[in-house]
Structure formats: C-alpha cells, structure tokens
Amino acid sequence: MNDYTREAILDLVEEEDVEFIRLQFTDMFGSLKNIAIPSSKLEKALNNQCRIDVSSFSDLYRSEEEDMYLHPDLSTFTILPWRPQKGKVARFICDIYKEDGTPYEENPRYILKKVIEKAKAGGYTMMVNPECEFFLFHTDEDGMPTTLTHEMAGYLDTSPVDLGENARRDIVLTLEEMGYDVASSHHEIAPAQHEIDFEMADALDAADKLMTFKVAVRTIAKRHGLHATFMPKPKNGVNGSGMHVNMMLYKDGKNVMTGSKEENYLSREGEAFMAGILSHIKGMTAICNPLVNSYKRLVPGFEAPSDVNWSFKQRTALMKVYAAAGKETSIELRSPDPSSNPYLVFAYCLAAGLEGIEKGLRAPVAMCDCKKEQCGETLPANLDEALTELAKDQLFREVTGDVMMKQYLAAKKEEWNNYLGQVSEWEIKQYLYRI
C-alpha cells in the first residue's frame, strides 16, 4: 500500500497526464466492478460524492433502494501501466457507503476490514500470500476463448517448451511497475498452466492486490493473443487451478505460529489457529470453492485436497504446515480456488483461526500419523453439499451478517439448480446411442 495524501494524488494526476480514473469495488461473488470518471471529476471522487445506481445491480444490493457512494481508499491509487501512456488511466479501490454515511455492511471489503479490526483488538495481524494459478489458452479466429494450447510443458519447465513464458514475464514486469512485490513465477503441472506468487502482505492488501492481479493477467495475456482463465477446472484429465492461501499470524511483531523444536516448530497458538479453520472447513468450502466447476478440481489424483486433514510433510494435505529451525512457521490452506472472493476467504480464515485460539482447539491427528479410520472426513463433494454445510455455520453468519448469508446461499442454490437442469455432452455420448 502507498501512503498517499489527497494533495499528492491531485498533483500526481496532473503531472502524469492522467485523464480517466476508475473507481473499483468487488461484488459478493468476487467480480471486480467499476465506474470511470474523467480526471476533472477527481475532487468529487475524493469528496466521496460519486454514486452507483444499485436498482439493477447484482443480488448483493437488491435489498437496498438507496444509492450507494464510493469512498476511494487513497492507499490503493495506481496508474494502470497497460492503458495508453498519453491520457493515462488510474484507479482506486473503493469502499461502499450508504447515503447516511455508514458503511454498507454487505460489502466484502468491509467484511474483511471488520474481522481485521477484531483481530487487531486482540493484538493480532494476519499476513497472507495467495498462490494463484491460471491457464493461458488460445483464442479462435473471432477472438473468443478456447481450451486449446500447443504446449506440453510441465512443472517448472522453461522455454521453448513453456510457450507462455513471454506472457508470464510481461505480467510480472507489469505488476512490478505497479509496485507489487512479486516473489516468483513459474509454469505449473498442467500444459498451459502458470503461477505467480507474491511476498506476504497484510490480509486487506493481499486481497486488493489479488483483484488487480487478475485484471493484469487477463489484459497482458490478451496482448499476446491468449486468453487467461481462472476457472478452477477448465480441462478434463489435468490438474485444476488452485489459490493456495499461505498464512502467518503476528502479535506484537512476533509470528505466534512459530514454536519450539520440541513442538515441531508449530506453537500451540498456531495449532489452535489451524484447528479453528479445520473445524469450519466444510462450510468454508462454499466460499473457497464457489462454483459448480470448483468441485471437478477437488477430486483424488490431481494433487488437490479432497479430505479434511493436515500434515507437516504431505504436500497433498488440505492444510500444510511449513516449519523448520531458524525459520518462521506458516500454514497453507490448499483447497481455495481462484474463482473465490479473496475478501471473504481471508475474512473467514482469520475469523475461524481466531475462534480456534479463543477456544484453545487442538488439531486432529496429522495425516501421516492417523489410522485409516481416523482420516475418514472428506470435503463436500459438490456445491450443493457445501451450501448445506455453510447454512449450518454460525461463524459465517457472524462474519457476514444475516443479509449477506441469505443472499449468498440463495444465489448459489439457484446456480446449482440451473446446473442440474443442463444436459451435458458426457450424457449425450454415454446414453444417446445406447438407451
């Protein structure tokens, strides 16, 4: 985040010949929205006077009749490097407020900020590094996306096998130009699959950056004649794309997850935090894996988790503990996918982890130490099962409020029912000739 003042932004817009400002926000489903204003209206935006018409907006807002106002977060001001350099375009990420000046409580960014404030009241700060995977596919002659690729590269392969290397490099350079601290980038396991990782950041900053990251990836890919997709499982027979969430928890500047050698370098506080997440993971799955397609990824055989477990050693575990002498301990939740709303995912993880600490929860037996009968719990097999678990989870209701929970469940249940009414290509091939 940048420490911009109002005056500094006004000066920078003039000096850099910025002509348009995008006021961005994220809806309930993790889709980035915006309105664009000319720079002549920047002061109006900085005075929090720019409205959005919610009368025909998504389910997130249909319960409200009043207009909403966008309040730009000055620290998120960024000039978009992929836009024209003459007459530049900049953006703010905004919070949403009601006409009476109070925050709109169903805004996902506000929900995360509330959980962060609760954590700070207890002295805690969560740092996050989401590892976001994506595919780069060809487009057809009309510029429409396909699932075709000519490459056969695998994990950590390089050019000339990795045909997406140039696009990935340009994405990284673009992100660095925007001030993002990129840790690494590489080709993933499936052909045409890639990953770019960031350094740890506080949860709100990480969620903001992830939303902009997706826009940057799609934009730069298009310049290379490719289509970038964050769909969890776009192709049969290959690994799907995940968004592994690496977390550290700090108190008074110290990582409280790091334990002694006798504790295998995982503290009791760290174990309780992890246990809190595991205790809510079934309901959390409806947020971490929000699409019908998400559950095509969470199956055995493709390195994505399908069981409720954790491990120090097994990289396919749902939660992986990274702990070693002389290093700070972190935990990784491996089930989320990049179609999820990062504000809600991080809010849920932090709230569940804090509950685990408050209750002094203990983690179940580790994956490598448990007997078969102890390792029987599985993640929900489909969106419908996940929604049933979410509806029973009181913590999510406390985090988001009754209105958001009701709207989310209703919208996703409608999505599931629409899916059930479809006749798939698999069914046609399987039954049309034989039956």
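At a threshold of 4.0 Å, the pair D393-K282 does not count as salt-bridged, since none of the basic side-chain nitrogens sits closer than that to a carboxylate oxygen. Ion pairing between a basic and an acidic side chain is recognised when a charged N comes within 4.0 Å of a carboxylate O; E303 and R315 show such pairing. Salt bridge annotation for K114-E117: absent, with no cationic side-chain nitrogen under 4.0 angstrom from a carboxylate oxygen.
Looking only at side-chain heavy atoms (C-beta outward), I287 and Y408 come within less than 4.5 Å of each other. Within the 4.5 Å cutoff, the side chain of F29 has no heavy atoms near those of the N341 side chain. Taking the side chain as every heavy atom from C-beta outward, I93 and R91 approach each other to under 4.5 Å. Contact of the L173 side chain with the E176 side chain is registered, since non-hydrogen atoms from C-beta on lie closer than 4.5 Å. Using a 4.5 Å cut-off on side-chain heavy atoms (C-beta onward), L46 and L74 make contact. Here the side chains of K320 and Q314 are not in contact, with every heavy-atom distance at 4.5 Å or above. The shortest side-chain heavy-atom distance between Y343 and M211 falls under the 4.5 Å cut-off. Residues E106 and M28 form no side-chain contact, since every pair of their non-hydrogen atoms from C-beta on lies 4.5 Å or further apart.
No donor-acceptor pair under 3.5 Å is formed between the side chain of T285 and the backbone N or O of A386. A donor-acceptor distance shorter than 3.5 angstrom exists from the side chain of R334 to the backbone of A317, with no hydrogens or angles considered. Counting only distance, with no hydrogens or angles, the side chain of E415 and the backbone of A411 share no donor-acceptor pair below 3.5 Å. The main-chain N or O of A216 is never found under 3.5 Å from a side-chain atom of W82 such that the two would form a donor-acceptor pair. No donor-acceptor distance shorter than 3.5 angstrom exists from the side chain of D95 to the backbone of D73, with no hydrogens or angles considered. The backbone N or O of G240 lies less than 3.5 Å from a partner atom in the side chain of Q193, making a donor-acceptor pair. For T78 (side chain) and L80 (main-chain N/O), no donor-acceptor pair under 3.5 Å exists by modelled atom type. For the pair D142 (side chain) and M144 (backbone), a donor-acceptor distance under 3.5 Å is absent. Using a distance-only test at 3.5 Å, with no hydrogens or angles considered, no donor-acceptor pair links the side chain of N246 to the main chain of E332. Not one N or O on the side chain of K98 forms a donor-acceptor pair closer than 3.5 Å with the backbone of M68.
M247 contributes atom CE, which lies 6.5 Å from atom CE of M126 (distance to the nearest 0.5 angstrom). Here SG of C94 is found 9.0 Å from NE2 of H71. Values are rounded to the nearest 0.5 Å. To the nearest 0.5 Å, the span separating OH on Y4 from OG on S75 amounts to 10.0 Å.
Annotation: N236, atom CG; neighbour count of heavy atoms from other residues, nucleotides and ligands within 6.0 Å does not exceed 12. Heavy-atom neighbours of K118 NZ from other residues, nucleotides or ligands within 6.0 Å: at or below the threshold of 12. Taking a 6.0 Å sphere around CD of E14, one finds it holds 12 or fewer heavy atoms contributed by other residues, nucleotides or ligands. Remark: Y110 OH is packed, more than 12 non-hydrogen atoms of other residues, nucleotides or ligands lying under 6.0 Å away. Atom NZ of K406 has 12 or fewer neighbouring heavy atoms from other residues, nucleotides or ligands inside a 6.0 Å radius. Within 6.0 Å of CZ on R51 lie no more than 12 heavy atoms contributed by other residues, nucleotides or ligands.
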How far apart are the C-alpha atoms of V13 and F77, what are their side-chain angles, what is the distance that settles it, and do they pass the side chain to side chain contact (heavy atoms under 4.5 Å, CB included) test? CA-CA 10 Å; V13 165; F77 177 79; 3.8 Å; yes
Run the numbers on E99 and D67 for side chain to side chain contact (heavy atoms under 4.5 Å, CB included), then give the verdict. CA-CA 7 Å; E99 286 184 315; D67 285 335; 4.2 Å; yes
Under the salt bridge (Lys or Arg N to Asp or Glu O under 4.0 Å) criterion, do K413 and D384 qualify, and how do the steps go? CA-CA 7 Å; K413 189 67 175 179; D384 187 46; 2.4 Å; yes
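Nearest heavy atoms, K33 versus D27: CE-OD2, 3.5 Å. Shown here for D162 and H194, the closest heavy-atom pair between the two residues is OD1-CE1, 3.4 Å. Closest non-hydrogen pair, I281 versus S335, comes out as CD1-OG, 4.1 Å. The minimum heavy-atom distance between T329 and N255, with the atom names listed, is O-ND2, 2.8 Å. Nearest heavy atom pair, residue L70 against residue I96, reads CD2-CG1, 4.1 Å. Annotation for F273 and L249: closest pair CD1-CD2, 3.7 Å, computed over non-hydrogen atoms.
Considering only residues two or more places apart in sequence or on other chains, N47 meets the side chain to side chain donor-acceptor pair (under 3.5 Å) condition with R6. H186 is linked by a ring pair (Phe, Tyr, Trp, His ring centres under 6.0 Å) to Y155, counting only residues two or more places apart in sequence or in another chain.
When each of P232, C288, C132 is paired with D337, the side-chain contact (heavy atoms from CB on, under 4.5 Å) condition holds for P232 and for no other. The residue from L298, L379, D307 that alone fulfils the side-chain contact (heavy atoms from CB on, under 4.5 Å) condition with L318 is L379. The only option from I35, L42, N34 that meets the side-chain contact (heavy atoms from CB on, under 4.5 Å) definition with I21 turns out to be L42.
Ring-plane geometry between F213 and F134 is classed as perpendicular, the angle between the planes exceeding 60 degrees on a 0 to 90 degree scale with a lower cut at 30. Relative ring orientation between F135 and F137 is described as parallel, the plane-to-plane angle staying below 30° on a 0-90° scale split at 30° and 60°.
With hydrogens and angles left out, the side-chain atoms of Y250 and E328 include a donor and acceptor closer than 3.5 Å. Side-chain atoms of H224 and D170 form a donor-acceptor pair, as typed in the model, at a separation below 3.5 Å.
For the pair K209 and Y180, the cation sits on the ring face: its NZ or CZ lies under 6.0 Å from the ring centre, inside 45° of the axis. Under a cutoff of 6.0 Å and an axis angle of 45°, K214 and F230 form a cation-pi pair. With Y124 as the aromatic partner, K251 meets the cation-pi criteria of under 6.0 angstrom to the ring centre and within 45 degrees of the ring axis.
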